[in-house]
Colleague: 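Could you have a look at this structure, given as structure tokens, before my questions?
Only a predicted model underlies this, so the values are computations on that prediction, with no experimental measurement involved. Starting from 1, each residue takes its place in the sequence as its number.
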Amino acid sequence: MKYKPEYYPVGDPVACGKIDFAIDSFTTEVYEKGHYHTVYVVLGFTSAPADQKAANDKYSELLDAWLKHFLQGKFVNGDKLSIADFKAVPFLIA
């Protein structure tokens, strides 16, 4: 990596695999199944689902599961910031 290689340590294939998996999992499990049906409704980008409370509860469950599985310490890559953290944080702040 040309810029900021410390955020994606190509010399450590285990860390890269974990980072890649965290990014893919966040996109397919948290964003598509939860964020879209809750936050986008609040922002006015889409209409509310038939059962908004169920959608909110599902989003909370998905976030909790993702955080429990992928956060090892402060960040996805332990105590080192990675591109996986940059992927997830904007969706958690919105």
Side-chain angles (χ1 to χ4, degrees):
M1 292 210 17
K2 186 175 180 179
Y3 302 103
K4 294 297 195 177
E6 65 270 20
Y7 296 144
Y8 191 76
V10 294
D12 184 353
V14 172
C16 288
K18 185 177 181 182
I19 291 166
D20 291 345
F21 183 37
I23 291 170
D24 289 344
S25 176
F26 191 87
T27 301
T28 58
E29 297 298 320
V30 179
Y31 175 77
E32 290 179 7
K33 295 179 181 176
H35 189 85
Y36 181 81
H37 302 289
T38 54
V39 178
Y40 277 17
V41 172
V42 173
L43 296 176
F45 297 145
T46 189
S47 58
D51 188 350
Q52 186 66 59
K53 174 146 177 36
N56 295 349
D57 292 342
K58 177 73 173 176
Y59 187 40
S60 290
E61 291 171 15
L62 292 168
L63 278 173
D64 289 342
W66 190 87
L67 292 169
K68 181 183 272 188
H69 183 79
F70 287 106
L71 287 189
Q72 304 295 317
K74 191 172 183 180
F75 304 111
V76 169
N77 198 24
D79 291 329
K80 298 177 183 174
L81 194 59
S82 74
I83 61 172
D85 303 297
F86 292 119
K87 170 68 177 181
V89 167
F91 292 95
L92 302 175
I93 302 298

Colleague: Output the distance between atom OG1 (T46) and atom OH (Y36), rounded to the nearest 0.5 Å.
Modeller: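 Those atoms lie 3.5 Å apart.
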Colleague: What about the rings of F26 and F70, do their centers lie closer together than 6.0 Å?
Modeller: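 Centroid distance F26-F70: not below 6.0 Å, so no.
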Colleague: Return each pair, listed once, that meets salt bridge (charged side-chain N to carboxylate O under 4.0 Å, His left out) where at least one residue sits in residues 2-15; pairs must be two or more places apart or across chains.
Modeller: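 As it turns out, the salt bridge (charged side-chain N to carboxylate O under 4.0 Å, His left out) pairs with a partner in residues 2-15, which skip direct neighbours, are K4-E6.
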Colleague: If you look at every heavy atom in T27 and Y31, which pair is closest and at what distance?
Modeller: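 Closest approach of T27 to Y31: O-CB, 3.5 Å.
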Colleague: Quick one about H35 and Y40 (side-chain donor to acceptor, distance below 3.5 Å, no hydrogens or angles considered), yes or no?
Modeller: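 No, no side-chain donor-acceptor contact under 3.5 Å.
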Colleague: Does any pair with a residue in residues 61-90 pass salt bridge (charged side-chain N to carboxylate O under 4.0 Å, His left out), and if so which ones, sequence neighbours excluded?
Modeller: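 Found none.
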Colleague: In terms of the angle between their ring planes, are F21 and H69 parallel, tilted or perpendicular, with boundaries placed at 30° and 60°?
Modeller: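 Rings of F21 and H69: perpendicular, over 60°.
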Colleague: Can you tell me how far apart CZ (F91) and OH (Y59) are? Round to the nearest 0.5 Å.
Modeller: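 The CZ atom of F91 sits 8.0 Å away from the OH atom of Y59.
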Colleague: Hey, any chance V76 and V14 share a hydrophobic cluster, counting ILVMFWY side chains that come within less than 4.5 Å of each other, even indirectly?
Modeller: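 Different clusters: V76 never reaches V14 through Ile, Leu, Val, Met, Phe, Trp or Tyr contacts under 4.5 Å.
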Colleague: What distance separates I23 CD1 from I83 CD1, expressed to the nearest 0.5 Å?
Modeller: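 Taking CD1 in I23 and CD1 in I83, the distance rounds to 4.0 Å.
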Colleague: Filter on salt bridge (charged side-chain N to carboxylate O under 4.0 Å, His left out), then keep only pairs touching residues 18-46, sequence neighbours left out; what's left?
Modeller: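 Qualifying pairs: E29-K33.
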Colleague: How many angstroms lie between atom CG of L63 and atom NZ of K58, to the nearest 0.5 angstrom?
Modeller: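 Taking CG in L63 and NZ in K58, the distance rounds to 11.5 Å.
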Colleague: List the atom of V41, the atom of P49, and the distance in Å for their closest heavy-atom pair.
Modeller: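 Looking at all heavy atoms of both residues, the closest pair is CG2-CD, 3.9 Å.
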Colleague: Please find the pair of heavy atoms, one from S82 and one from I19, that lie closest to each other, and give the distance.
Modeller: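 Nearest pair, atom of S82 first, then I19: CB-CD1, 3.6 Å.
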Colleague: When hydrophobic residues are tied together by side-chain contacts of less than 4.5 Å, even through go-betweens, does V30 share a cluster with F45?
Modeller: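 Yes, because V30 and F45 connect within a single hydrophobic cluster, where side-chain heavy atoms sit under 4.5 Å apart.
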Colleague: Using a 3.5 Å distance criterion without hydrogens, assess whether the side chain of W66 forms a donor-acceptor pair with backbone atoms of A22.
Modeller: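 Yes; judged by distance alone, with no hydrogens or angles, the pair exists.
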